Amino acid sequence: RMLCMSSTGDSGGATFVVPVASSKWLDAHYDPVANLYTFSSCIGESLLHELLVVGDLGTGVCNMKLKVYRGTGLLSESTLLDLPTGLVSFPMDLHEPRTPAIAVASGPFIYVYKNLRPYFKFTLPSLEANPLEQDVWSQAKEDMIDPMTLKEMLEGLRDKAEIPLSVRSLRFLMLEPQEMENFVLLHKEQPIRRQTVITCIGTLKKNMADEDAVSCLVIGTENGDVYILDPEAFTILYKMSLPSTPTLMDVTGQFDVEFRITVACRNGNIYILRRDSPKPKYCIELSSHPVALVRMGKNVVVGCTHETLHGYTQKGKKLWTAYLPAPVTTMALMDLPTRGFQAVLVGLANCEVHVYRDKNLVSTIKTPDVVTSICFGRYGREDGTLIMTTKGGGLIVKILKRTAVFDDRDSASGPPIAQSIRLNVPKKTKLYVDQTLRERENAVAMHRAFQMDLSRLRLAAARAYVKALESSLTPMSASLTEPLKMNAVVQGLGPSFKLTLNIQNTAACRPVMNLAISFLYDENLYSMRTAFFKIPLLVPGLNYPIDTFVECLSDKGISDIIKVFVLREGKSAPLLTAHINMPVSEGIALN
């Protein structure tokens, strides 16, 4: 089966014919040179799901644009003055036809587009300026201080003042000495203004839960404030404060009834705001910084930098953790209300997109490049359209098959399904009940008898171990500080003996190096050809035999112990020690 779609965007009207593999998704379109550089927060659908609106980051310095796609073709584009930090589609009034507006957050401004045309620009309120900073610039305005003195005074304020400096002062402190005078002459007549910027944006239904109900804008700012804006007059309806700068946001509920705002902040915590409190109601402390945040039903799913996916309740209780094969790049909600199915799409740095339902991996999508943004929903006539952009600027469109079925155990690693089947446990017999009563009545005596038997067993094992060491039945030694194991084998009847040491690295994956072996013996009884060895690098799991020869010098039929030490080069304390009982020689060495 094959699906054909045409593209009339930046790729020059090329037609892509993609064979569809036997999977849950149809490969509708892939344009590797679409020149789309964006994140999930800057992509959305508008005009009753007929258009795709993307805030393109460009190069990060220039070419920032608002691009509008119809199907897979570029319909229009508008230039943005600054980097977009978020894009949402929201119904702002009840006028017919009910076409939603587009809000683009960029710097301290929100640009509102209605019918894809500029309609309104909202500016964040200015913050309180530092009065000491204003006084310093007033002195500079009256030529009472020179630029170098101005720099020293501003540096002192920056390190000690509770109110941060304005952008003008921060830029002045970055200048070279020869550029300061011109900067002061240019800006000293202008008043001091301190302006914050928008870091994230979302929407909140005002008084109805319908899909096309009027929605308010919710914005998070760099100074830790959260504002709720009126959709018609664009005035501030409500203000809340956070202990850190918000970076990710998810909003649910209605402004006039009850709402919850889940915010991930730059300090690595997640805060939950409610209508009845201007301060956070709950706090979730994460072990690593969040990368993406998605609400699924009444739970919150968070992707973190340590390649983990966590599920929490809306009150902050941890439900589950899933470990990922690669770092998270982006996340989005996969909602199919017609099937009653909800899941989380997780883009990974290994060119894969995983579909999780709770902690179960139900599907995996391979992509030709690392995915940077994901958008799932109705697009055109298809309810299950998956739109992705890649790190290289590509555009991928996939359509969910109407026959696709997701099984919770489809791709999840773990115990087999048979393990979760309930066993047919027989009913309790009279003997079982009698034994249970006996254990309850004699619990103390039975526990003491068990402890006595356990102590006797441990004592017997320790005695057997000591006896084996003394009789040299098992000439083996193991290190407590290093993953090493060694045993010795003596071969021969005498006066020449072959001594073989078998050394093994018992670590899982860490090699051991810079080791040496030294022998200590009675030189009146024995002589060795080599009494010191350097051990090569020990690879985990392999057995390394080291051979040497021992000559018996005595004819009196006596034997002694040869001590073996495993040392680390440059250290005097041995890592391993073994005592080898040499057998009695059947002859003497002839010189």
Side-chain angles (χ1 to χ4, degrees), residues 285 287 308 310-313 316-323 358-360 408-409 412-490 500-510 512 520 538 540-544 559-568 573-584:
E285 296 184 358
S287 58
T308 52
H310 304 286
Y312 294 91
T313 65
K317 181 181 178 181
K318 191 173 183 179
L319 298 175
W320 50 266
T321 298
Y323 295 93
D358 292 332
K359 64 178 180 179
N360 300 315
D408 283 356
R409 297 281 181 173
S413 59
I417 300 178
Q419 184 171 324
S420 61
I421 298 176
R422 191 172 183 178
L423 297 176
N424 186 15
V425 181
K427 295 182 178 180
K428 297 178 182 178
T429 61
K430 185 178 183 302
L431 177 63
Y432 174 82
V433 174
D434 293 343
Q435 291 291 339
T436 303
L437 294 176
R438 171 177 168 271
E439 291 178 1
R440 289 180 179 177
E441 294 173 356
N442 306 295
V444 176
M446 294 177 67
H447 179 71
R448 289 175 178 173
F450 169 76
Q451 291 294 331
M452 179 65 70
D453 293 341
L454 181 61
S455 300
R456 289 175 178 174
L457 178 63
R458 289 173 176 172
L459 179 61
R463 286 175 175 173
Y465 180 69
V466 172
K467 184 178 179 181
L469 291 178
E470 292 178 347
S471 60
S472 191
L473 295 178
T474 55
M476 180 181 293
S477 180
S479 174
L480 298 178
T481 59
E482 291 287 341
L484 297 174
K485 185 173 67 173
M486 179 179 66
N487 66 329
V489 178
V490 180
T500 303
L501 300 177
N502 296 302
I503 302 179
Q504 185 178 6
N505 180 6
T506 59
C509 60
R510 180 170 64 90
V512 180
L520 181 63
L538 301 180
L542 297 183
N543 184 43
Y544 290 83
S559 63
D560 198 6
I561 295 175
I562 295 180
K563 297 181 180 179
V564 184
F565 301 98
V566 178
L567 309 162
R568 187 174 295 278
L575 301 175
L576 275 177
T577 303
H579 293 185
I580 304 173
N581 287 330
M582 297 297 294
V584 177

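Values in this document were obtained by computation on a predicted structure and should not be read as measured data.
Side-chain contact check for Ile561 versus Ile580: every heavy-atom pair is 4.5 Å or farther apart. The side-chain heavy atoms of Leu484 and Thr506, taken from C-beta on, include no pair separated by under 4.5 Å. At least one side-chain heavy atom of Leu501 sits less than 4.5 Å from a side-chain heavy atom of Val564. In this structure, Val490 and Pro583 have side chains that are in contact, with non-hydrogen atoms separated by less than 4.5 Å.
Here the straight-line distance linking atom CG of Leu538 with atom OH of Tyr544 works out to 6.0 Å at 0.5 Å rounding. For the atom pair CG (Asn442) and NE2 (His447), the distance works out to 14.0 Å, reported to the nearest 0.5 Å. A distance of 8.5 Å separates NE2 in His579 from CG in Leu520, rounded to the nearest 0.5 Å. Going from atom NZ of Lys485 over to atom CG of Asn505 covers 11.0 Å, rounded to the nearest 0.5 Å.
In summary, Lys430 and Asp434 engage in a salt bridge, as defined by a charged side-chain N under 4.0 Å from a carboxylate O.
Shortest non-hydrogen contact noted between Pro540 and Ala507 is CB-O, 3.2 Å. When all heavy atoms of Ala578 and Met486 are compared, the pair lying nearest together is CB-CE, 3.7 Å. In plain terms, the two heavy atoms of Gly541 and Gln504 that are nearest each other are O-NE2, 3.6 Å.
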- Task: Apply side chain to side chain contact (heavy atoms under 4.5 Å, CB included) to Leu576 and Phe565, showing your working.
- Result: CA-CA 6 Å; Leu576 275 177; Phe565 301 98; over 6 Å; no

- Dump the intermediate steps for side chain to side chain contact (heavy atoms under 4.5 Å, CB included) on Thr321 and Lys359, then the final yes or no. CA-CA 7 Å; Thr321 298; Lys359 64 178 180 179; over 6 Å; no

- Does the side chain to side chain contact (heavy atoms under 4.5 Å, CB included) test come out yes or no for Tyr312 and Leu319, once each step is laid out? CA-CA 5 Å; Tyr312 294 91; Leu319 298 175; 5.8 Å; no

- Item | Thr308 vs His310, side chain to side chain donor-acceptor pair (under 3.5 Å): CA-CA, chis, key distance, verdict | CA-CA 7 Å; Thr308 52; His310 304 286; 3.1 Å; yes

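For Lys563, the NZ atom sits in a loose shell: 12 or fewer heavy atoms of surrounding residues, nucleotides or ligands are nearer than 6.0 Å. Within 6.0 Å of the CD atom in Gln451, the count of heavy atoms belonging to other residues, nucleotides or ligands exceeds 12.
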